[in-house]
Protein chains: 2
Amino acid sequence: MGNNTNAKEKFIETAYKLFEVKGYNGTGLNEILKESGAPKGSLYYHFPNGKEQLALESIKLAGEKIIANLKRTLDKFDNPIDGIVYSTNEIAEIIDKNKKMHDMSISLIALETYDNSEVLRTACEKVFEAIENIYFQKLFDYGFNDDKAKELAVFISAMTEGAILLSLTRKNGEVLRQVGKQIKILTNI
Amino acid sequence: MGNNTNAKEKFIETAYKLFEVKGYNGTGLNEILKESGAPKGSLYYHFPNGKEQLALESIKLAGEKIIANLKRTLDKFDNPIDGIVYSTNEIAEIIDKNKKMHDMSISLIALETYDNSEVLRTACEKVFEAIENIYFQKLFDYGFNDDKAKELAVFISAMTEGAILLSLTRKNGEVLRQVGKQIKILTNI
DNA sequence: GTCTATAAGCAGATAGAC
DNA sequence: GTCTATCTGCTTATAGAC
C-alpha cells in the first residue's frame, strides 16, 4: 500500500510555503501541484474540500512553526523583553537577507480570508491567540500579575505583527529593530 | 466631448474600495467593471497598463483618505497620545460595526504585492511613510526632539497596523482599544 | 472616447480509467 | 490510492466597430 501520509504532508508543506509568501488568492492549485510533483487527483483525494482545506492545514502548520520558533527564542532569555527584542532582530535579519516571509507571520492569509472564509479566519485567529499566549506565559512567569501580563502580551503581539508588515513593505528590517529598541525603553524592564 | 476625468475617477473609487477589503488578487477586473457600470474598453482606455495601473491609483487614493482621516483626528487634540488613542478607538468602532476595512489600512495590498510588483510595493511604502510622518510631526510639534519623535512615530505606526490586523481577524475592536490604553500607560504622556 | 466581442490562459473542481 | 483528461467559469487583455 502507498504511504498516503507522506503525500498529504508533502502537499501541506508545499502549500504552506507558497501561501505564506504569495497569499491564498495569489497561489494557484496548479502551482502547488507542480511544486510538489503530484497530480491533481491525488490532491483532491487527500483534501476533498479542495483549496480551503489545504489552506486550513497550511495555517495550522505555519502556526506550529511560528510558535516553536518563538518559544525557542524566548527560552534563551530570563527577561521576557530581552527575548522579544532578540526575536524581532532575528526576523529583521531574515527580511534583510531573503526579503520574504518565512515562518514569521500569517498576516497575509489572515487579511485575505477574514471576510471570506470563516473556517480560515478562525484558524488564523487561533494562531494569533497562541502567539499571544506565549508572550503572556513568559511575562507571567517573570513575575507580572495576570492582568498586566495579558495587556503587555496583546501589545507586543500587535507591535510585532505591525513591524513585520512595515519591514516587509520596506524590504528591510529596520522598523523591526527600531521597534525592538523602543519596547525595551518604554517597558523599562 | 465626454468627461473622461469622471469616468477615470469612478474606476479608481470603485477599485480602491474593493482592493482594500478583498485584496488585489481577490478582486477581479470584471467585478470592478460591474460595480462601476462601465465596459472593459473604457477601463483599458483610461488605464493602458491594466490592473496594476488601476491598483497604483487606488493605493494613492487610499493613502490620501487615510492621511486625511488621521490628520483630522489628531488635530482635535493637543496631546498627541490622546489623539492616537482616540484614533485607534475610532477604528475599533468601525470594525465592531462593519467588520470590514474602510479607509484604515493598505496592509492587505502591501503584503500581497511587496514581492511581486515593485511599482505597487513602492506606492504602499510611500503611504506608510506618510502615515509615519503625520505621527512624527504631531509629536515634534508637541515638544519631542527630532530623534525621540521619529522613534515614537515608527513605534506607533507599527503598533497601529498590527492592532488593525489582529482586530480584523478577531472581528472586533478589542485589541485596538487595549493597545490604545497600553500606549497611553507606557508613554506616560 | 465608448462599447462589444472575443481571445488565450488559468482558476478550482470532477469523472473515471487504472 | 494514483493519475489523466476534461469541464466550467473566471482571469487579464486586445481588436476593432461605432
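Note that the coordinates shown come from a computational prediction; the quantities given were computed from them, not determined experimentally. A note on names: the letters A, B, ... follow the listed sequences, proteins ahead of strands, and every chain is numbered from 1.
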Contact residues, residues 48-55 of chain B to DNA chain D [heavy atom, < 4.0 Å]: B/Gly50, B/Lys51
From the set D/dA13, D/dT2, C/dC10, return the single nucleotide nearest to any side-chain atom of B/Lys40. D/dA13
Counting only side-chain N and O atoms of B/Tyr45, is one of them less than 4.0 Å from OP1 or OP2 of C/dT2? no
In whole Å, I'd like the distance from the CD atom of A/Glu31 to the P atom of C/dG9. 18 Å
Does any donor atom in the side chain of A/Asn25 or B/Lys22 lie under 3.5 Å from an acceptor atom in the other side chain? no
Does D/dC10 have its OP1 or OP2 closer than 4.0 Å to a side-chain nitrogen or oxygen of B/Asn30? no
Under the side-chain contact (heavy atoms from CB on, under 4.5 Å) rule, collect the residues that match up with A/Lys76, sequence neighbours excluded. A/Arg72, A/Tyr86, A/Glu90
Would you say B/Ser107 and B/Leu165 make side-chain contact, with heavy atoms under 4.5 Å? no
For a quick check under 3.5 Å, do B/Tyr16 and B/Asp103 share a side-chain donor-acceptor pair by atom type? yes
What integer distance in Å separates A/Leu33:CG from D/dA5:C1'? 14 Å
Donor-acceptor pair between A/Gln178 and A/Glu174 side chains, under 3.5 angstrom: yes
Residues clustered with B/Phe136, ILVMFWY side-chain links under 4.5 angstrom: B/Phe140
Neighbours of DNA chain D within residues 111-122 of chain A, by heavy-atom distance under 4.0 Å: none
Take the protein atom CG of B/Leu18 and the nucleotide atom P of D/dT11, then report the distance between them rounded to whole Å. 12 Å
Which residues, if any, of residues 19-29 of chain A bring a heavy atom under 4.0 Å of DNA chain C? A/Thr27, A/Gly28, A/Leu29
Minimum side-chain heavy-atom gap B/Lys51-B/Leu54 below 4.5 Å: no
What is the distance, to the nearest angstrom, from the NZ atom on A/Lys34 to the P atom on D/dC3? 18 Å
Test: A/Lys171 cationic atom under 6.0 Å from B/Tyr114 six-membered ring centre, within 45° of axis: no
Closest to the A/Tyr44 side chain: C/dC3, D/dT14, C/dT14? C/dT14
From CG of A/Asn6 over to P of D/dT2, roughly how many Å is that when rounded to an integer? 10 Å
Using the side-chain contact (heavy atoms from CB on, under 4.5 Å) criterion, which residues pair with B/Ser87? Sequence neighbours excluded. B/Leu70, B/Thr73, B/Ile91
In whole angstrom, give the distance that lies between atom CZ of A/Phe47 and atom P of C/dG12. 14 Å
May I ask you to test the B/Phe47-B/Glu57 pair for a side-chain heavy-atom distance under 4.5 Å? yes
Contact check, side chains of B/Ile66 and B/Phe128, non-hydrogen atoms, under 4.5 Å: no
